[in-house]
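The structure under discussion appears below in the form of structure tokens.
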Protein chains: 2
Amino acid sequence: MSSSLAAGSPMLNPLYKEVKIRLTRSLVAGEWKPGEAIPSEARLAERFNVSVGTIRKAIDELVAEKILVRQQGRGTFVATHTEDRTLYYFFHIVGKDGSRAQPSHDLLSFRRARADAEAERALALTRGERVLRIENLLRLAGVPVILDEMVIPARLCPNLDEAAFAGREGTIYGLYQARYGINVVRISERLSAAAAPSRVAEVLGLRANAPVLVIRRVAYTYHDAPVELRTSWVDTRHHEYLSDLWKNEPR
Amino acid sequence: MSSSLAAGSPMLNPLYKEVKIRLTRSLVAGEWKPGEAIPSEARLAERFNVSVGTIRKAIDELVAEKILVRQQGRGTFVATHTEDRTLYYFFHIVGKDGSRAQPSHDLLSFRRARADAEAERALALTRGERVLRIENLLRLAGVPVILDEMVIPARLCPNLDEAAFAGREGTIYGLYQARYGINVVRISERLSAAAAPSRVAEVLGLRANAPVLVIRRVAYTYHDAPVELRTSWVDTRHHEYLSDLWKNEPR
DNA sequence: TTCGATTTGTTCGTATGTATT
DNA sequence: TAATACATACGAACAAATCGA
């Protein structure tokens, strides 16, 4: 049997979809790590025994999903969570005046626990699976604006302790990526309004029961595998959540 | 001078971008109306004097922006606001149980007024320009969930009266599209939490000052020209706002 | 029902332009 | 400068879906 994609077997998918799947498999396997270049289109065409055009079409989709990044003259790279480009893709809170500051983080608590029902459902965990529960306060221009409560399956980040978490450089997803090879490539968020619980109100400097924006986010890696459940409580007196389908990318 | 795009002149843009611009111009001019098919790729290639591949690449982008819709064997069509596909793209409120009902509408008020400062800014209006102000109550499964306040420049929809608005078939964007040729192709939304003003609380059946989700939406047509400012007040006790970058389209 | 024309979808190949190193 | 890599553009062939004769 040759390794050719075009070989005899009846293909359910178009060739470029198969190529995309095999590229994703290599990504999952860590053959090319975040920040690294994948092989050139010509080399991939040889390897998969397809034309360059087919490779390009597969890569096109991965680029559209922000899993890969192309740079003319340099190569095609695995996207990282260290670039402003991807930062804006995952962080949606902006000032009502339009300002887009990067937040500073304060770790409030870091503990190991068992998953509750909500986390089990959202993260497809086994009953009572061990998780990390992390509370993080985000400040914008020095002012507390967001309280984050994160739940991560403990098996995904062995040996992660409070010091390592607090001492990370860059974003939390950058930490998952650099230290555990967990590459968050997509998020799904559900937003609602609620009265601030007393703890939230206290931390954010609000009166109890003040209205806050609640964001329940599930972060996914390749193949839509969930890796993190995050609840954010946002003080929207001076900031808001920006949902701009398009406009990000230059057209 | 030939009409060829490829003709000698130094090209600032790639050819397919020029083609895209010219296609968009024809769309704006109403050469092909929503629901109609545009000419086949082969015919467009002749018309613009470029290869089919170049036409395809231009159309690819317009399809990604949901301005055009391709159907193998049939043709390429101007997107309409009557299809479920586009409906989900513009309507983001879902049940907390995951249900995705289509809302029913009750027109609460319809009046002519002058733009306030906020509308002037968002819609790039001249000072005190005439606008329509429309209040609409949306029910999901019969229960009032969303109060919409819309502001539209009066010049965009001449002769639109309360009866015509209330008697429309389909969505509001469908009305703009069918009756005025105004094709909403993109929206930008900013979300925050607030205490329900008394009128909002009354209409939605909430107690005064209950937390509600506030959505400020600007709807744009071609060339990012704003056409509508909409403020939505959402009761999020049983529903929430879904922001799922990706996942809509099958991957 | 079948067949043929039309249209988009996929795949291949080639040539040339442009950015990077 | 030369080599490499992605970007653009062209053309050709066949597959798959659609539609009407």
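Here is the naming used below: chain letters follow the sequence lines, and residue numbers restart at 1 for every chain.
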| task | Could you encode protein contacts along nucleotides 12-21 of chain D as a string, one character per nucleotide from 5' to 3', using B for base contact, S for sugar-phosphate-only contact and - for no contact, with a heavy-atom cut-off of under 4.0 Å? | result | ----BBSS--
| field | Steps toward side-chain hydrogen bond (donor to acceptor under 3.5 Å, both in side chains) verdict (A:Y241, B:E189) | value | CA-CA 8 Å; A:Y241 178 98; B:E189 297 184 318; over 6 Å; no
| field | Point-to-point distance, once rounded to the nearest 0.5 Å, from CG of A:L27 to CG of A:L62 | value | 7.0 Å
| query | If you round to the nearest 0.5 Å, how far is NZ of B:K17 from NZ of B:K57? | reply | 8.5 Å
| message | Taking Watson-Crick (N1-N3 plus N6-O4 or O6-N4) and G-U wobble (N1-O2, O6-N3), each under 3.5 Å, can you produce the dot-bracket string of DNA chain C? Use [ ] for crossing pairs and | for inter-strand ones. | response | .||||||||||||||||||||
| Nearest listed nucleotide, side chain of B:S40, among D:dA9, C:dT8, C:dT10 | C:dT8
| query | Using 4.0 Å as the upper bound for N to carboxylate O, is an ion pair formed by A:K20 and A:E65? | reply | yes
| Whole-Å distance separating the CD atom of B:E46 from the P atom of D:dC10 | 14 Å
| message | Of the options D:dC10, C:dC12, C:dG9, whose atoms approach the side-chain atoms of B:T54 most closely? | response | D:dC10
| said: Does the structure place the NZ or CZ of B:R85 under 6.0 Å from the centre of the six-membered ring of B:Y89, at an angle of no more than 45° from the ring's axis? | reply: no
| message | Any side-chain to backbone donor/acceptor pair from A:Q177 onto A:K33? Under 3.5 Å, distance only. | response | no
| query | Can any side-chain N or O of B:H81 pair as donor or acceptor with the backbone N or O of B:L175 at less than 3.5 Å? | reply | no
